[in-house]
Amino acid sequence: MVWDKDTKTVVLTGAGVSAESGIPTFRGEAGLWKNYRPEELANPQAFARDPKTVWEWYDWRRGIIAKAVPNAGHQAVAAVEKHFSDFTLITQNVDGLHQAAGSERLLELHGNIWKTRCTSCGAIEEEYSVPLKDFEPRCSCGGLLRPHIVWFGESLSPQVMEESFACAAACRLMLVVGTSGIVQPAASLPLTAKEAGAVLIEVNADETPLTPLMDESLRGSAGEVLPELLRRHKVSI
Ligand code: NAD
Ligand code: ZN
(Lines give C-alpha, C1' and ligand atoms only; values in the text may rest on other atoms or scores of the structure.)
(Ligands and ions follow the chains in the order given, each with its own letter.)
Protein backbone atom coordinates (compact mmCIF):
# COMPACT_ATOMS: atom_id res chain seq x y z
CA MET A 1 0.00 0.00 0.00
CA VAL A 2 2.88 2.29 0.73
CA TRP A 3 3.77 2.09 -2.98
CA ASP A 4 0.35 3.42 -4.06
CA LYS A 5 0.68 6.40 -6.37
CA ASP A 6 -0.74 8.89 -3.87
CA THR A 7 1.74 8.07 -1.07
CA LYS A 8 3.79 11.13 -0.14
CA THR A 9 7.33 10.07 -0.96
CA VAL A 10 10.83 11.42 -0.43
CA VAL A 11 14.10 10.10 -1.83
CA LEU A 12 17.24 11.27 -0.05
CA THR A 13 20.48 10.74 -1.95
CA GLY A 14 24.22 11.11 -1.24
CA ALA A 15 27.45 10.76 -3.16
CA GLY A 16 27.01 6.96 -3.43
CA VAL A 17 24.35 7.33 -6.12
CA SER A 18 26.89 9.05 -8.38
CA ALA A 19 29.76 6.64 -7.64
CA GLU A 20 28.79 4.36 -10.55
CA SER A 21 28.94 7.37 -12.85
CA GLY A 22 32.63 7.65 -11.95
CA ILE A 23 32.32 10.55 -9.51
CA PRO A 24 34.37 9.86 -6.39
CA THR A 25 32.74 10.05 -2.97
CA PHE A 26 34.71 12.01 -0.39
CA ARG A 27 35.41 9.11 1.91
CA GLY A 28 37.45 6.99 -0.49
CA GLU A 29 41.02 7.59 -1.64
CA ALA A 30 39.67 8.65 -5.03
CA GLY A 31 38.39 11.90 -3.50
CA LEU A 32 41.94 13.17 -3.05
CA TRP A 33 43.50 15.80 -5.29
CA LYS A 34 47.23 16.62 -5.17
CA ASN A 35 47.25 15.22 -1.63
CA TYR A 36 44.59 17.67 -0.46
CA ARG A 37 41.64 16.29 1.46
CA PRO A 38 38.29 17.88 0.49
CA GLU A 39 37.88 19.35 4.01
CA GLU A 40 41.12 21.31 3.54
CA LEU A 41 39.84 23.12 0.44
CA ALA A 42 36.06 23.14 0.69
CA ASN A 43 35.88 25.65 3.51
CA PRO A 44 35.54 29.44 3.69
CA GLN A 45 38.93 30.01 5.36
CA ALA A 46 40.77 28.18 2.57
CA PHE A 47 38.93 30.28 -0.02
CA ALA A 48 39.71 33.55 1.79
CA ARG A 49 43.39 32.56 1.97
CA ASP A 50 43.83 31.09 -1.49
CA PRO A 51 40.82 31.31 -3.84
CA LYS A 52 42.88 30.19 -6.84
CA THR A 53 43.75 26.78 -5.33
CA VAL A 54 40.14 26.25 -4.24
CA TRP A 55 38.94 27.09 -7.78
CA GLU A 56 41.58 24.76 -9.24
CA TRP A 57 40.20 21.95 -7.12
CA TYR A 58 36.65 22.73 -8.27
CA ASP A 59 37.85 22.90 -11.85
CA TRP A 60 39.32 19.39 -11.43
CA ARG A 61 36.04 18.09 -9.99
CA ARG A 62 33.98 19.85 -12.68
CA GLY A 63 36.18 18.18 -15.30
CA ILE A 64 35.38 14.73 -13.86
CA ILE A 65 31.67 15.51 -13.57
CA ALA A 66 31.44 16.99 -17.09
CA LYS A 67 32.42 13.58 -18.52
CA ALA A 68 29.95 11.67 -16.36
CA VAL A 69 26.48 10.52 -17.39
CA PRO A 70 23.60 9.51 -15.13
CA ASN A 71 23.53 5.82 -14.20
CA ALA A 72 20.68 3.38 -13.62
CA GLY A 73 20.38 4.65 -10.03
CA HIS A 74 19.68 8.24 -11.14
CA GLN A 75 17.25 6.91 -13.74
CA ALA A 76 15.42 4.84 -11.13
CA VAL A 77 15.07 7.93 -8.90
CA ALA A 78 13.54 9.83 -11.83
CA ALA A 79 11.13 6.90 -12.35
CA VAL A 80 10.09 7.06 -8.69
CA GLU A 81 9.24 10.74 -9.22
CA LYS A 82 7.00 9.85 -12.19
CA HIS A 83 5.23 7.11 -10.23
CA PHE A 84 4.17 9.17 -7.19
CA SER A 85 1.92 12.22 -7.38
CA ASP A 86 3.51 13.84 -4.31
CA PHE A 87 7.26 13.44 -4.50
CA THR A 88 10.42 15.29 -3.48
CA LEU A 89 14.03 14.38 -4.12
CA ILE A 90 16.39 15.76 -1.50
CA THR A 91 19.98 15.43 -2.63
CA GLN A 92 23.33 16.15 -1.02
CA ASN A 93 24.96 15.84 -4.43
CA VAL A 94 26.15 18.92 -6.24
CA ASP A 95 26.84 17.30 -9.62
CA GLY A 96 23.53 17.92 -11.44
CA LEU A 97 23.23 14.26 -12.56
CA HIS A 98 19.75 13.85 -11.09
CA GLN A 99 18.49 16.69 -13.30
CA ALA A 100 20.31 15.14 -16.27
CA ALA A 101 18.38 11.90 -15.60
CA GLY A 102 15.05 13.77 -15.61
CA SER A 103 14.42 14.56 -11.94
CA GLU A 104 12.48 17.81 -11.66
CA ARG A 105 11.14 18.20 -8.17
CA LEU A 106 14.40 18.39 -6.20
CA LEU A 107 16.02 20.23 -3.33
CA GLU A 108 19.80 20.55 -3.46
CA LEU A 109 20.96 20.68 0.15
CA HIS A 110 24.60 21.43 -0.63
CA GLY A 111 24.29 23.62 -3.71
CA ASN A 112 25.41 22.95 -7.27
CA ILE A 113 28.91 22.77 -8.73
CA TRP A 114 27.67 24.36 -12.01
CA LYS A 115 26.70 27.59 -10.24
CA THR A 116 28.76 30.51 -8.95
CA ARG A 117 27.82 32.98 -6.23
CA CYS A 118 29.22 36.50 -5.90
CA THR A 119 30.91 37.11 -2.55
CA SER A 120 29.90 40.81 -2.78
CA CYS A 121 26.39 41.05 -4.22
CA GLY A 122 25.25 37.44 -3.76
CA ALA A 123 24.21 36.96 -7.42
CA ILE A 124 23.94 33.30 -8.42
CA GLU A 125 24.75 32.36 -12.02
CA GLU A 126 25.19 29.18 -14.01
CA GLU A 127 28.73 28.57 -15.28
CA TYR A 128 29.53 25.50 -17.39
CA SER A 129 32.99 26.15 -18.85
CA VAL A 130 35.47 23.32 -18.43
CA PRO A 131 38.22 24.20 -17.85
CA LEU A 132 37.39 27.54 -16.27
CA LYS A 133 38.60 30.56 -18.19
CA ASP A 134 39.72 32.32 -15.03
CA PHE A 135 40.72 30.83 -11.69
CA GLU A 136 39.78 34.02 -9.83
CA PRO A 137 36.49 34.72 -11.61
CA ARG A 138 34.75 38.05 -11.04
CA CYS A 139 31.12 39.16 -11.05
CA SER A 140 29.98 42.10 -13.20
CA CYS A 141 29.90 44.08 -9.90
CA GLY A 142 33.63 43.37 -9.46
CA GLY A 143 33.20 40.93 -6.55
CA LEU A 144 35.04 37.60 -6.41
CA LEU A 145 32.89 34.61 -7.43
CA ARG A 146 32.86 31.43 -5.36
CA PRO A 147 31.32 28.03 -6.07
CA HIS A 148 27.64 27.96 -5.05
CA ILE A 149 28.33 25.09 -2.67
CA VAL A 150 27.76 24.69 1.05
CA TRP A 151 31.25 24.23 2.45
CA PHE A 152 32.45 22.50 5.61
CA GLY A 153 31.62 24.78 8.53
CA GLU A 154 28.88 26.68 6.64
CA SER A 155 25.13 26.62 7.19
CA LEU A 156 22.64 25.31 4.68
CA SER A 157 20.13 27.67 3.10
CA PRO A 158 17.36 28.10 5.72
CA GLN A 159 14.63 27.87 3.04
CA VAL A 160 16.00 24.64 1.53
CA MET A 161 16.42 23.17 4.99
CA GLU A 162 12.94 24.17 6.13
CA GLU A 163 11.37 22.69 3.01
CA SER A 164 13.40 19.49 3.34
CA PHE A 165 12.40 18.90 6.95
CA ALA A 166 8.75 19.68 6.14
CA CYS A 167 8.84 17.08 3.32
CA ALA A 168 10.51 14.54 5.62
CA ALA A 169 7.91 15.08 8.33
CA ALA A 170 5.01 14.74 5.86
CA CYS A 171 6.17 11.73 3.83
CA ARG A 172 4.92 8.17 4.30
CA LEU A 173 7.77 6.56 2.37
CA MET A 174 11.42 7.57 2.32
CA LEU A 175 14.16 5.92 0.28
CA VAL A 176 17.66 6.71 1.57
CA VAL A 177 20.20 6.03 -1.17
CA GLY A 178 24.00 6.15 -1.15
CA THR A 179 24.47 8.38 1.84
CA SER A 180 26.82 7.66 4.72
CA GLY A 181 24.44 9.23 7.23
CA ILE A 182 27.30 11.19 8.77
CA VAL A 183 26.90 14.64 7.24
CA GLN A 184 24.41 16.77 9.21
CA PRO A 185 21.72 18.03 9.00
CA ALA A 186 20.94 15.72 6.03
CA ALA A 187 21.43 12.68 8.26
CA SER A 188 18.59 13.87 10.52
CA LEU A 189 16.00 13.80 7.74
CA PRO A 190 15.40 10.02 7.98
CA LEU A 191 14.95 10.34 11.75
CA THR A 192 12.35 13.08 11.23
CA ALA A 193 10.50 10.86 8.75
CA LYS A 194 10.70 7.85 11.05
CA GLU A 195 9.33 9.80 14.01
CA ALA A 196 6.42 10.93 11.83
CA GLY A 197 5.64 7.30 10.99
CA ALA A 198 7.12 6.91 7.49
CA VAL A 199 8.37 3.61 6.07
CA LEU A 200 12.14 3.85 5.52
CA ILE A 201 14.14 1.87 2.98
CA GLU A 202 17.91 2.16 2.68
CA VAL A 203 19.96 1.36 -0.41
CA ASN A 204 23.68 1.43 0.32
CA ALA A 205 26.81 -0.55 -0.46
CA ASP A 206 27.53 -0.72 3.30
CA GLU A 207 25.81 -0.57 6.63
CA THR A 208 25.50 3.02 7.93
CA PRO A 209 24.60 4.74 11.22
CA LEU A 210 21.08 5.10 9.73
CA THR A 211 20.65 1.34 9.19
CA PRO A 212 19.04 0.71 12.62
CA LEU A 213 16.23 3.15 11.73
CA MET A 214 15.30 1.32 8.56
CA ASP A 215 12.28 -0.87 7.87
CA GLU A 216 14.28 -2.47 5.09
CA SER A 217 17.97 -2.25 4.21
CA LEU A 218 19.19 -3.30 0.80
CA ARG A 219 22.93 -3.82 0.37
CA GLY A 220 24.49 -3.23 -2.99
CA SER A 221 25.02 -0.57 -5.60
CA ALA A 222 22.24 1.92 -6.25
CA GLY A 223 22.37 1.20 -9.99
CA GLU A 224 21.50 -2.46 -9.42
CA VAL A 225 19.42 -2.45 -6.27
CA LEU A 226 17.08 0.47 -7.02
CA PRO A 227 15.80 -0.89 -10.35
CA GLU A 228 15.19 -4.29 -8.62
CA LEU A 229 13.26 -2.57 -5.84
CA LEU A 230 11.11 -0.72 -8.38
CA ARG A 231 10.40 -3.91 -10.33
CA ARG A 232 9.35 -5.63 -7.11
CA HIS A 233 6.83 -2.83 -6.45
CA LYS A 234 5.65 -2.57 -10.07
CA VAL A 235 7.00 0.91 -10.61
CA SER A 236 7.78 1.33 -14.30
CA ILE A 237 11.29 2.49 -15.13
P1 NAD B 1 28.20 10.37 1.64
O2 NAD B 1 28.42 10.83 3.02
O3 NAD B 1 26.88 10.57 1.06
O4 NAD B 1 28.74 8.79 1.55
C5 NAD B 1 28.70 7.95 0.41
C6 NAD B 1 27.88 6.69 0.76
O7 NAD B 1 27.55 6.00 -0.43
C8 NAD B 1 28.59 5.69 1.67
O9 NAD B 1 27.71 5.30 2.70
C10 NAD B 1 28.87 4.47 0.74
O11 NAD B 1 28.75 3.23 1.43
C12 NAD B 1 27.76 4.60 -0.27
N13 NAD B 1 28.04 4.07 -1.60
C14 NAD B 1 29.21 4.12 -2.31
N15 NAD B 1 29.03 3.62 -3.54
C16 NAD B 1 27.73 3.27 -3.63
C17 NAD B 1 26.91 2.72 -4.67
N18 NAD B 1 27.41 2.43 -5.88
N19 NAD B 1 25.61 2.49 -4.42
C20 NAD B 1 25.08 2.77 -3.20
N21 NAD B 1 25.80 3.29 -2.18
C22 NAD B 1 27.10 3.54 -2.40
O23 NAD B 1 29.08 11.09 0.66
P24 NAD B 1 30.54 11.58 0.87
O25 NAD B 1 31.29 11.10 -0.29
O26 NAD B 1 31.02 11.24 2.21
O27 NAD B 1 30.36 13.17 0.74
C28 NAD B 1 29.83 14.04 1.70
C29 NAD B 1 29.23 15.28 1.00
O30 NAD B 1 30.13 15.78 0.00
C31 NAD B 1 28.01 14.95 0.20
O32 NAD B 1 26.90 14.94 1.02
C33 NAD B 1 28.04 16.01 -0.91
O34 NAD B 1 27.56 17.25 -0.49
C35 NAD B 1 29.50 16.15 -1.20
N36 NAD B 1 29.86 15.31 -2.36
C37 NAD B 1 29.10 15.34 -3.49
C38 NAD B 1 29.42 14.54 -4.57
C39 NAD B 1 28.55 14.58 -5.80
O40 NAD B 1 27.86 15.57 -6.03
N41 NAD B 1 28.53 13.53 -6.60
C42 NAD B 1 30.54 13.70 -4.51
C43 NAD B 1 31.33 13.71 -3.34
C44 NAD B 1 30.96 14.51 -2.27
ZN1 ZN C 1 28.41 40.66 -7.68
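In this text the structure is predicted, and so the values were computed from the model without any measurement. Ligands are counted one by one from 1 in listed order, and the atoms in each one are counted from 1 as well. Along the sequence shown, the residues carry numbers beginning at 1.
A salt bridge between Glu56 and Lys52 is present, with a side-chain N of the basic residue lying under 4.0 Å from a carboxylate O of the acidic one. Between Lys194 and Asp215 there is a salt bridge, since at least one side-chain N of the basic residue sits less than 4.0 Å from a carboxylate O of the acidic one. One finds a salt bridge joining Arg105 and Glu163 here, because a Lys/Arg side-chain nitrogen approaches an Asp/Glu carboxylate oxygen to under 4.0 Å.
Comparing Phe26, Phe152, Trp151 against atom 35 (C) of ligand 1, the shortest heavy-atom distance belongs to Phe26.
Contact annotation: the side chain of Glu154 never approaches that of Ile149 to less than 4.5 Å [non-hydrogen atoms, C-beta and beyond]. Side-chain contact between Glu108 and Val94 is absent, with no heavy-atom pair separated by less than 4.5 Å.
More than 12 heavy atoms of other residues, nucleotides or ligands sit less than 6.0 Å from atom CD of Glu216.
Looking at ligand 1, you'll find an N or O of Ala222 within less than 3.5 Å of one of its N or O atoms. Not one N or O of Gly181 is nearer than 3.5 Å to an N or O of ligand 1, by distance alone. The shortest N or O to N or O distance between Val94 and ligand 1 is below 3.5 Å.
Counting only protein atoms, the N, O or S atoms lying less than 2.8 Å from the Zn ion (ligand 2) are Cys118 SG, Cys121 SG, Cys139 SG, Cys141 SG, ordered by chain and residue number.
Among the candidates Glu126, Arg117, Lys115, the single residue satisfying the side chain to side chain donor-acceptor pair (under 3.5 Å) test with His148 is Arg117.
The aromatic rings of Tyr58 and Trp55 sit perpendicular to each other, their planes meeting at more than 60°, with 30° as the lower class boundary.
At a heavy-atom distance under 4.0 Å, only side-chain atoms of Ile23, from C-beta outward, approach ligand 1.
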